[in-house]
Amino acid sequence: MIKITKFGGSSVADAEHFKKIKGIIDADPARRFVVVSACGRRFSGDSKVTDLLYLVDAHVNYHVSCDDLLADIGQRYFDIADELGLSYPIREEFSAFAERASKGGYTTEELVSRGEYFTARLMAEYLGLPFIDATDMVAFHHDGTLSMKRTAELVKKNAREGGFVMPGFYGATKEGKVKLLDRGGGDISGSILAQCLEADLYENWTDVSGFLSADPRIVEGAQPIPRITYEELRELSYMGASVLHEEAVFPVRDAGIPLVIKNTNAPEDPGTIISETAKEGDSEPIITGIAGKRGFLAINVARDRTKSRIGFMRRALSVFERYGVSVEHMPTGVDQFAAVVQASDVKDSLYSLVSDIQEEVEPLEIEVVENLALIATVGRNLRGRPGISGHLFGMLGQEGVSVRMITQGCDEINIIIGVEEKDFDLAIKTIYKAFSDENGIVKTSDLEPVRAPF
Ligand SMILES: Nc1ncnc2c1ncn2[C@@H]1O[C@H](COP(=O)(O)OP(=O)(O)O)[C@@H](O)[C@H]1O
Ligand SMILES: N[C@@H](CC(=O)OP(=O)(O)O)C(=O)O
């Protein structure tokens, strides 16, 4: 039995958390394959080491001293090593790193990767397992994309049967150049390792007792979701439920490996099991979860009715393609459509993009609606169930939240609404309230009668 255990930044924040991890690893002989992130926040307001390392890089690029920053980062590792009585020469290793970093001796990616590297070094000694560097396991192409074929070969060649500790979040090209995954990508490292080692289970350990039905920072008391499908999880992670990186789903799903999200601070809690199927029916929650993201804008394009409809959308969309901008959603009407995009994707090009659309399709009108937030209400039990949307919109109306956009996926597992950013938290709280009682999200059978309150 092989279990891949990935411990996120919140689980390796300090020596106390290292001790909890040792307890978890020692409790199960199948837990011998460990992936770790860089130290996360120890308390609210604290910084993640990865964020600090990006800051070091920015200081170096602007030729500003970063000695204090480096000293703070180093201290976090020294405290862990001292408290656990580790013999890894962290002070020597870190000061060599700091000296080279402050002289601009690293690429951004190599510099930032040292966060996970030092955690893994300390964790390996503490758990009594060998350290294997991610540069010897996770392979990248030169363009920064993962090479799964070479990763599989490297894992086969370098992995140790008895277990090991590997840093997450990075890997290297054939020439040894360090490359990073996306932010939060340690989840992907764990998932690809699970696939390559044909693991029986991928355990993703974090600081909450599973995937919760809403962001706990917005909805106090949001309950863990016991079972969720890959499809639902991807919808929720993509829409901002940051507990698991959305791309981490694919490697384990392709290999048929179950994924479980567990809490390092409460290992006995069951957590959330993610699998291909989950029960549908009256004893299951009516919705699985709610997630949302700020930072969108909509470009509303109205057709000139004297002109042909044929090719109108295609030509308008070709402009987005030319600018390399992904259209996230596209609510349509008879004579108009809205292209919803991430504001950051068009921050330097919005005005020329809009004027190119103007030129390409000569619309009646173009309007840009900024400061939008999108919120997804996701659940397999929404399929073919009348009354749910009415209930949701009725409750939002009652709270005075104005809905600027609505779309629903063809698979009917999500309802996505766009609201003004200022209404974001209120909208999430309202949707949660609409589908929950004091025990969390209500069961499908308990929601009767589903009636809009107007
Ligand atoms: N739906 C959700 N379920 C659980 N956690 C969520 C959800 N949405 C947002 N979060 C946040 O995600 C955090 C865990 O993700 P992250 O900080 O990346 O953890 P780690 O450092 O363990 O990788 C939680 O502490 C919680 O605040
Ligand atoms: N340390 C990296 C990668 C990662 O996966 O971190 P975490 O496990 O804390 O989400 C980041 O902050 O993006």
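In each ligand, atom 1 is the first atom listed, and ligand 1 is the first ligand listed. Hydrogens, waters and symmetry mates play no part in the numbers below; they use all other heavy atoms, side chains included. We number each residue from 1, following the sequence as shown.
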Present, as a list of atom pairs with distances to 0.1 Å, all nitrogen or oxygen contacts under 3.5 Å between ligand 1 and the protein.
| residue | atom | partner | partner atom | Å |
| --- | --- | --- | --- | --- |
| ligand 1 | 1 (N) | Leu212 | O | 2.9 |
| ligand 1 | 3 (N) | Leu212 | N | 2.9 |
| ligand 1 | 12 (O) | Ser242 | OG | 3.4 |
| ligand 1 | 19 (O) | Thr206 | OG1 | 3.2 |
| ligand 1 | 21 (O) | Gly9 | N | 3.1 |
| ligand 1 | 21 (O) | Ser10 | N | 3.0 |
| ligand 1 | 21 (O) | Ser10 | OG | 3.4 |
| ligand 1 | 22 (O) | Ser10 | OG | 2.7 |
| ligand 1 | 22 (O) | Thr206 | OG1 | 2.7 |
| ligand 1 | 25 (O) | Asp207 | OD1 | 2.7 |
| ligand 1 | 25 (O) | Asp207 | OD2 | 3.2 |
| ligand 1 | 27 (O) | Arg217 | NE | 3.3 |

Gap separating the NZ atom of Lys20 from the CD1 atom of Ile25, nearest 0.5 angstrom: 15.0 Å
Residue shell around ligand 2, heavy atom under 4.0 angstrom: Lys6, Gly8, Gly9, Ser37, Lys48, Thr50, Glu116, Phe169, Arg183, Gly184, Gly185, Gly186
Side-chain (Glu109) to main-chain (Leu180) donor-acceptor, under 3.5 angstrom: yes
Stacked cation flag Lys3 on Tyr202, 6.0 angstrom / 45 deg: no
Residues that Phe131 engages under ring-ring contact (aromatic ring centres under 6.0 Å, His included), provided they are two or more places apart: Tyr117
Side-chain H-bond candidate by donor/acceptor type, Glu420 with Ser402, under 3.5 Å: no
Exercise: do Asn263 and Asp207 side chains pair donor with acceptor under 3.5 Å: no
Residue pairs involving residues 150-159 (criterion salt bridge (charged side-chain N to carboxylate O under 4.0 Å, His left out); sequence neighbours excluded): Lys149-Glu153
Value rounded to 0.5 Å, distance of CE in Met123 from CG in Leu129: 10.5 Å
Greater than 12 external heavy atoms within 6.0 Å of Ile273's CD1: no
